[in-house]
Each structure stands twice: as structure tokens, then as C-alpha cells.
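Note that the structure is a prediction, hence the values are computed from the model and not measured.
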Amino acid sequence: MTADELTGHLDLPRTDDLPAIPHRLGSVLRHAVRPYMRWRYDLTIHHEERFPAGGPVLIAPNHLSLLDGPLLGAVAPRMLHQLGKVEAFGGVQGFVLHRAGQISIDRSQYDVLAIRRAIQILREGRALSVYPEGNRGPGDFRRIRGGVAYLAMVTGAPILPVALLGTRQPGGNIEHFPPRGSRVDVVYGETFTVDRVSFPRRHVDVRAVADQIGDVLRAHVQAAVEATGHPLPGKPDQKDPDE
């Protein structure tokens with residue numbers, strides 16, 4: 001689905017009253033951080049050609065550690081807007097994240113504004129990254145929340161699976177970055193779509209689509225592990241403090 005087609009659907013939540021989402025700082029930062037990531041880690045990007053060159057797209061990465069967001073934002077072929085927990089958007093860091101086009105979401109409730117901003121990004125033909133697992137953990141897509149499913153059902157935007165491998169060491173702490181020189185693999189999958197569903201969208205329908213998406217994501221991360229020989233790190237030594 002093109003951005004123009006997505007804009008034309010009348011049963012999407014209204015977004016034309018929202019202020020523009022900034023992205024210039026995000027574009028500058030990603031170009032500045034990319035060489036640092038390649039210098040610090042033994043980084044390999046797999047199947048970058050699968051990343052859509054234009055149009056709305058939902059990026060669906062697994063979630064292992066603090067490194068995931070900065071890494072993916074730096075190495076992705078396009079500027080990424082990322083949904084992140086509201087707890088990370090305080091103080092100076094929060095100011096920079098907002099100015100870089102990132103979107104805070106309160107996971108303790110149904111955050112209407114965050115959802116509207118996510119739809120706004122897709123309506124503008126941009127790339128939006130959402131962690132289907134919600135929290136940092138094993139990174140195996142065992143548990144899938146409904147956010148990606150809802151946005152895909154509402155907008156029809158294609159979903160791009162991403163397997164991040166090596167962003168946390170086996171048994172490592174989710175609050176720590178991997179040591180310098182660590183092997184890190186970013187593996188893009190094949191985009192896929194789910195059927196667009198008009199209003200009303202029942203919770204049971206969203207859950208069913210989330211389960212379908214989870215099957216695709218689990219297959220992708222398993223294939224990425226087999227293709228690279230780079231295993232997932234297993235359970236972290238602590239739970240995500242915001243879980």
C-alpha cells in the first residue's frame with residue numbers, strides 16, 4: 001500500500017491535527033553514529049536489499065538489549081522513527097529523542113496519542129520500528145504483543161522482520177552494551193502483509209493477527225540463527241525493569 005492510498009482511508013484515526021514529527025536531527029545522528037557502530041563492533045548486515053526503498057513500512061525487530069535501538073537506527077538504509085517506552089524520554093535524552101523523530105509510548109495504558117503518531121508516520125510514507133515483544137528478553141519472539149498487528153491491520157503497511165544477533169552476550173545484562181569487538185549481525189527478512197481490517201477491530205481479531213505475525217517472526221529469527229551460525233543469547237540475567 002502506498003502512502004497516498006493509506007491517507008485516503010476514512011476510518012483511520014485522525015492525524016491531520018497533529019504537529020509535524022521532526023526528523024532532520026534523526027537523519028544527522030544516524031549518519032554520525034553509523035561509522036562508530038562499525039568501528040566498535042564486528043558488524044555484518046545481511047540482506048539489506050530487502051529493506052523497502054520507499055513507502056510506509058513497519059520494522060519488526062527482536063529485542064535483546066539497550067544497543068538494539070541505536071544500532072538499528074544507525075545502520076538502517078532509511079531514517080527510522082522508533083516507538084520507545086516513555087520512561088526513556090526524560091530530561092536531555094528525552095529532548096534529543098523527540099527532536100530526532102522518536103515516539104514515546106506509555107505501555108501501562110492504551111496510549112492513543114502514540115498510536116495516532118505511529119499512523120501519522122506511516123501515512124507520510126516513512127519507516128516505523130516497533131518491538132513486537134515489547135520488552136528486552138531472549139529475543140526469540142516467543143511472546144508477541146498486539147501493537148504491530150494493530151498498526152498493520154489499520155494501515156495495511158508491509159512488515160519487515162529483523163533479527164538482531166549479538167547485541168547482548170549470552171546471559172548478559174539487558175542494561176549493558178556488548179564489549180568492543182563483539183560480533184553483531186543484523187538480518188533483514190522478507191516483507192509481508194496482513195489483511196487490512198476496517199473499524200471496528202476487536203481485541204480477539206488483533207490477537208489472532210498478532211499470532212500469525214509471531215509465526216513469521218519466529219521463523220525468521222530461527223532462519224537467521226541457522227544462516228549466520230550466531231545463536232541467540234538466551235535469557236538475560238535480569239528482567240526488563242519496566243516489564
For Arg116 and Asp17, run salt bridge (Lys or Arg N to Asp or Glu O under 4.0 Å): C-alpha distance rounded to whole Å, both residues' side-chain angles, the deciding distance at 0.1 Å, then the answer. CA-CA 10 Å; Arg116 290 176 68 210; Asp17 59 329; 2.4 Å; yes
Would you please test Arg123 and Thr15 for side-chain hydrogen bond (donor to acceptor under 3.5 Å, both in side chains) and show each step? CA-CA 9 Å; Arg123 270 183 162 157; Thr15 60; 2.6 Å; yes
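- No continuous path of hydrophobic side-chain contacts links Val162 to Val148 [ILVMFWY only; heavy atoms under 4.5 Å].
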So Ile21 and His81, side chain to side chain contact (heavy atoms under 4.5 Å, CB included) or not? Walk me through it. CA-CA 9 Å; Ile21 297 174; His81 299 272; 3.8 Å; yes
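- Neither Leu80 nor Leu217 shares a network with the other; the hydrophobic side chains, linked directly or stepwise wherever heavy atoms of I, L, V, M, F, W or Y lie under 4.5 Å apart, form separate groups for each.
- The environment of Asp195 atom CG is sparse: at most 12 non-hydrogen atoms of other residues, nucleotides or ligands sit within 6.0 angstrom.
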Is there a side chain to side chain contact (heavy atoms under 4.5 Å, CB included) between Leu18 and Leu113 once you walk through the steps? CA-CA 9 Å; Leu18 295 176; Leu113 179 59; 3.8 Å; yes
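- Judged by distance alone, the side chain of Gln102 and the main-chain N or O of Gln82 form a donor-acceptor pair under 3.5 Å.
- The side chain to side chain donor-acceptor pair (under 3.5 Å) test applied to Glu48 returns no partner, not counting sequence neighbours.
- Not one N or O on the side chain of Arg34 forms a donor-acceptor pair closer than 3.5 Å with the backbone of Val75.
- Sorted by first and then second residue, the salt bridge (charged side-chain N to carboxylate O under 4.0 Å, His left out) pairs with a member in residues 207-230 read Arg207-Asp211, Asp215-Arg218; sequence neighbours excluded.
- Listed for the Arg168 side chain is a donor-acceptor partner under 3.5 Å among the backbone atoms of Gly234.
- Side-chain contact between Asp42 and Val184 is absent, with no heavy atoms from C-beta onward closer than 4.5 Å.
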Take Asp205 and Met153 through the test side chain to side chain contact (heavy atoms under 4.5 Å, CB included) and record every step on the way to the result. CA-CA 9 Å; Asp205 297 326; Met153 291 168 67; 4.2 Å; yes
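- Note on Glu175 versus Arg136: salt bridge recorded, some NZ/NE/NH1/NH2 to OD/OE distance being below 4.0 Å.
- Hydrophobic clustering keeps Val112 apart from Val86 (ILVMFWY residues linked when any side-chain heavy atoms are closer than 4.5 Å, directly or through intermediates).
- Contact annotation: the side chain of Pro233 approaches that of Leu64 to within less than 4.5 Å [non-hydrogen atoms, C-beta and beyond].
- Atom CG of Leu122 is separated from atom CG of Leu58 by 5.0 Å, given to the nearest 0.5 angstrom.
- Side chain of Thr228 to backbone of Ala224: a donor-acceptor contact under 3.5 angstrom is found.
- A donor-acceptor contact shorter than 3.5 Å is absent between the side chain of Arg99 and the backbone of His23.
- Across every non-hydrogen atom of Val209 and Ala149, the tightest pair is CG1-CB, 3.9 Å.
- When all heavy atoms of Ala127 and Arg78 are compared, the closest pair comes out as N-NH2, 3.7 Å.
- Contact of the Phe177 side chain with the Tyr41 side chain is registered, since non-hydrogen atoms from C-beta on lie closer than 4.5 Å.
- Considering CE of Met79 and CG of Leu25, their distance stands at 8.5 Å, rounded to 0.5 Å.
- Rounded to the nearest 0.5 angstrom, Phe141 CZ and Gln222 CD are separated by 12.5 Å.
- The shortest non-hydrogen separation linking Leu232 to Gly139 is CD2-O, 3.7 Å.
- Remark: the backbone N or O of Leu164 is not paired with any side-chain donor or acceptor of Thr167 at under 3.5 angstrom.
- Under the 4.5 Å side-chain criterion, counting only non-hydrogen atoms from C-beta, Pro52 is in contact with Leu160.
- Scanning all heavy atoms of the two residues, the minimum distance from Leu97 to Ala88 falls at CD1-O, 3.5 Å.
- Residues Phe192 and Pro158 are not in side-chain contact: their nearest non-hydrogen atoms beyond the backbone lie 4.5 Å or more apart.
- Of the inter-residue distances, the one linking Ile159 atom CD1 with Thr191 atom OG1 reads 9.5 Å to the nearest 0.5 angstrom.
- Annotation for Met37 and Leu67: closest pair CE-CD1, 3.8 Å, computed over non-hydrogen atoms.
- Under a hydrophobic-cluster definition in which Ile, Leu, Val, Met, Phe, Trp and Tyr are linked whenever side-chain heavy atoms come within less than 4.5 Å, directly or via other members, Val216 and Val206 are assigned to the same cluster.
- Using a distance-only test at 3.5 Å, with no hydrogens or angles considered, no donor-acceptor pair links the side chain of Arg24 to the main chain of Ala100.
- Looking at Asp111, its side chain does come within 3.5 Å of a backbone N or O of Asp106 through a donor-acceptor pair.
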Applying side chain to side chain contact (heavy atoms under 4.5 Å, CB included), run through Tyr131 and Leu83 and close with a yes or a no. CA-CA 8 Å; Tyr131 293 111; Leu83 276 178; over 6 Å; no
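- To the nearest 0.5 Å, the span separating CG on Leu72 from OG on Ser129 amounts to 5.0 Å.
- Side-chain contact check for His46 and Asp185: at least one donor-acceptor pair (N or O, by modelled atom type) lies under 3.5 Å.
- In this structure a side-chain-to-backbone donor-acceptor pair under 3.5 Å is missing from Glu190 to Arg50.
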Go through Phe89 and His98 one step at a time and tell me if the ring-ring contact (aromatic ring centres under 6.0 Å, His included) criterion holds. CA-CA 8 Å; Phe89 282 74; His98 280 300; 4.9 Å; yes
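- In Arg183, the CZ atom is crowded: over 12 heavy atoms of neighbouring residues, nucleotides or ligands sit closer than 6.0 Å.
- Ionic pairing of Glu124 and Arg126 is present here: one or more N-O contacts between side-chain nitrogen and carboxylate oxygen are shorter than 4.0 angstrom.
- What you find for Val33 and Ala74 is that their closest heavy atoms are CG1-CB, 3.8 Å.
- A salt bridge is absent between Glu133 and Arg145: the closest approach of a Lys/Arg side-chain nitrogen to an acidic carboxylate oxygen does not fall below 4.0 angstrom.
- Placement of Val57 and Ile115 in two distinct hydrophobic clusters is found when ILVMFWY residues are connected by side-chain heavy-atom separations under 4.5 Å, directly or transitively.
- Here CZ of Arg38 is found 9.5 Å from CG of Leu71. Values are rounded to the nearest 0.5 Å.
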